[in-house]
2 protein chains.
Amino acid sequence: MARPPHAREKALDAYAEILRADGERAATIDAVAARAGVSKGGVLYHFPSKEALAEALLERFHEVSEAELIEMQTDPEGPSRNYVRTSWQTSEEEDPIYRAVLRLAQSSWQPAITAIEQIHKAWGDLVRGEVGDEAIADAIMLIGEGLYYHSAMPGTWTAGTFDHSIDDLLAVVDRLKKHATSSSEPYPWPPSAPPTP
Amino acid sequence: MARPPHAREKALDAYAEILRADGERAATIDAVAARAGVSKGGVLYHFPSKEALAEALLERFHEVSEAELIEMQTDPEGPSRNYVRTSWQTSEEEDPIYRAVLRLAQSSWQPAITAIEQIHKAWGDLVRGEVGDEAIADAIMLIGEGLYYHSAMPGTWTAGTFDHSIDDLLAVVDRLKKHATSSSEPYPWPPSAPPTP
DNA sequence: GTCTATAGGGCGATAGAC
DNA sequence: GTCTATCGCCCTATAGAC
C-alpha cells in the first residue's frame with residue numbers, strides 16, 4: 001500500500017468530487033473515468049463494480065472521520081465549538097468526502113446511512129458530555145447539522161452564507177453552553193489531559 | 001380543474017412518495033405507474049415527460065408553501081417556535097412534498113434548488129423580524145434546518161428521535177429569543193393583527 | 001495496467017389499438 | 001384516457017488486444 005497505482009486514487013477522487021458536486025446520478029463510471037483521465041476499462045480494473053467504488057469511498061470516510069473525532073476530542077475549544085466550526089468550515093472547501101458520502105446516504109444506500117449515523121452518534125456523545133444538558137446538546141448538534149444541510153445543498157445557494165457570522169454563531173453556542181453549566185452540574189471536562197500528537 | 005382525471009393526481013402522489021422514500025433514482029416512470037396503479041403510457045399521457053412530472057410537483061410545492069408561510073405568520077406562538085416545531089412535526093408524516101422537492105434539489109435540479117432557497121429566505125425573514133438579532137435568528141433557523149437534515153435522511157435513523165424532546169428544544173428557542181430581546185430592541189411583533197381565515 | 005469493443009439491461013419516450 | 005408494444009439511448013459490466 002506504500003505506492004499503490006495512481007489511477008486508482010485519481011478515480012476515487014473523481015468519483016467523490018462528482019458525487020459531491022453533481023449528485024449520485026451524475027457519478028457514472030464514464031464520468032469518473034473522464035474526470036480521472038483514464039478509460040472506463042481502467043476504472044473497472046481497480047474497482048470491479050460500481051459498488052466497489054462506493055465501498056472504497058466509505059473506507060476513506062472511516063479513516064478521515066476517525067481522525068476528525070480525535071481532533072474534536074482534543075480541541076482546546078471543546079467539542080461543541082469544534083463541531084459547529086468544522087460543520088461550516090470543512091464544508092467550504094475541505095472534506096469533500098463527508099459530503100460525497102452524504103449524497104450516497106441521500107440516495108438510500110444503506111452502508112452510507114449507517115456510517116453517517118455512527119459518526120453523528122459519536123459527535124453527539126462528545127457534545128453531550130461537554131454541556132451536560134440534553135436539550136442544549138441537541139440544539140448545538142442541530143445547529144451543526146443545519147450547517148451541513150446548507151453545505152449538502154448543490155448549487156451556489158449557500159456559498160459563504162455564514163462566513164461573516166460564524167463567530168457570532170459560536171458566541172451563541174457559548175451562551176447555550178454557559179446556561180447549561182449554570183443550571184446543572186456538567187460532566188467533567190476535559191476528562192483527562194489530551195494526548196499530545 | 002374542478003374534476004381533473006384522478007389518474008393524474010394519483011401519479012403525482014406516487015411520484016412524490018417514491019421520491020421521498022427511496023430517492024430520485026428510484027422514481028422511474030415505471031415505478032410511478034406501478035404505485036399509482038396505471039400503466040406507463042397512462043402516466044405519460046398526463047405528464048408528457050419526466051420533467052413535467054417534476055414541474056407539476058413544484059407547482060404543488062408552491063401552493064403548499066404559500067399556505068405554510070401564512071400559518072407561520074399568524075401562529076400565536078410566533079414564527080420561530082412555529083418554524084422549529086413544524087420542521088420536526090411535518091417531517092414525521094405530513095408534508096411529503098417538501099421532502100420530495102428536497103430530493104430533487106439534492107439531485108442538483110436547479111428549479112427545486114431555487115424553490116427551496118426562496119421559501120427558506122421567506123422563513124428566515126419572519127424569524128429575523130421576530131427575534132431582531134441576526135446571530136440568534138441564524139441559530140434558530142439552523143436548528144430548524146438541522147431537523148430537516150434529519151428528516152431528509154432515508155431509512156429509520158431519525159424516526160422519533162426528537163419526539164420526546166421537541167418541547168425541551170422549543171424551550172431552548174424561547175431562551176434564545178429572550179436573550180435577543182433583552183440585549184437589543186426587537187422589531188415590532190406582531191406587525192399587526194393577523195388576518196382571520 | 002490500461003485500452004477498445006461490445007454484450008446486456010433498464011429507462012424515457014413514441015406509436016397506435018381500443 | 002388508458003392500454004401494449006417497441007424504439008433508441010445510456011449505463012454497467014465483460015472480453016480480449018496491447
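Here the structure is a predicted model, which means the values were calculated and not measured. To find a chain, count down the sequence lines: A is the first, B the second, and so on, and within it residues start at 1.
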Legend entry - Within residues 24-32 of chain A, residues whose heavy atoms come under 4.0 Å of DNA chain C: none
Legend entry - Sidechain N-carboxylate O distance under 4.0 Å for B/Asp174, B/Lys178: no
Inset, instruction - Indicate, with yes or no, if B/Val172 and B/Leu170 share a hydrophobic cluster defined by side-chain heavy-atom contacts under 4.5 Å among Ile, Leu, Val, Met, Phe, Trp and Tyr. - result: yes
Measuring from [X]:[atom1] to [Y]:[atom2], what's the distance to the nearest 0.5 Å?
X: B/Leu176; Y: A/Arg175; atom1: CG; atom2: CZ; result: 7.5 Å
X: B/Ser108; Y: A/Asp22; atom1: OG; atom2: CG; result: 5.5 Å
X: A/Glu145; Y: A/Asp138; atom1: CD; atom2: CG; result: 9.0 Å

Legend entry - Intermediate values then yes/no, ring-ring contact (aromatic ring centres under 6.0 Å, His included), A/His120 and B/Tyr149: CA-CA 12 Å; A/His120 264 263; B/Tyr149 171 100; 5.5 Å; yes
Could I get a table of every N or O pair under 3.5 Å where one atom is in the protein and the other is in nucleotides 3-5 of chain D?
residue, atom, partner, partner atom, Å
D/dC3, OP2, B/Ser39, N, 2.6
D/dC3, OP2, B/Ser39, OG, 2.7
D/dC3, O5', B/Ser39, OG, 3.2

Inset, instruction - Carefully, step by step, assess A/Phe47 and A/Tyr15 under the rule ring-ring contact (aromatic ring centres under 6.0 Å, His included). - result: CA-CA 11 Å; A/Phe47 304 97; A/Tyr15 176 61; 8.2 Å; no
Value in whole Å for how far the [atom2] atom of [N] lies from [atom1] of [X]:
X: B/Lys10; N: D/dG1; atom1: NZ; atom2: C1'; answer: 14 Å
X: A/Phe47; N: C/dG1; atom1: CZ; atom2: P; answer: 13 Å
X: A/Leu44; N: D/dG16; atom1: CG; atom2: P; answer: 17 Å

Inset, instruction - Would you check if B/Asp13 and B/Arg60 make a side-chain contact, meaning some heavy-atom pair closer than 4.5 Å? - result: yes
Legend entry - Phosphate contact (D/dT2 OP1 or OP2) by B/His46 side-chain N/O below 4.0 Å: yes
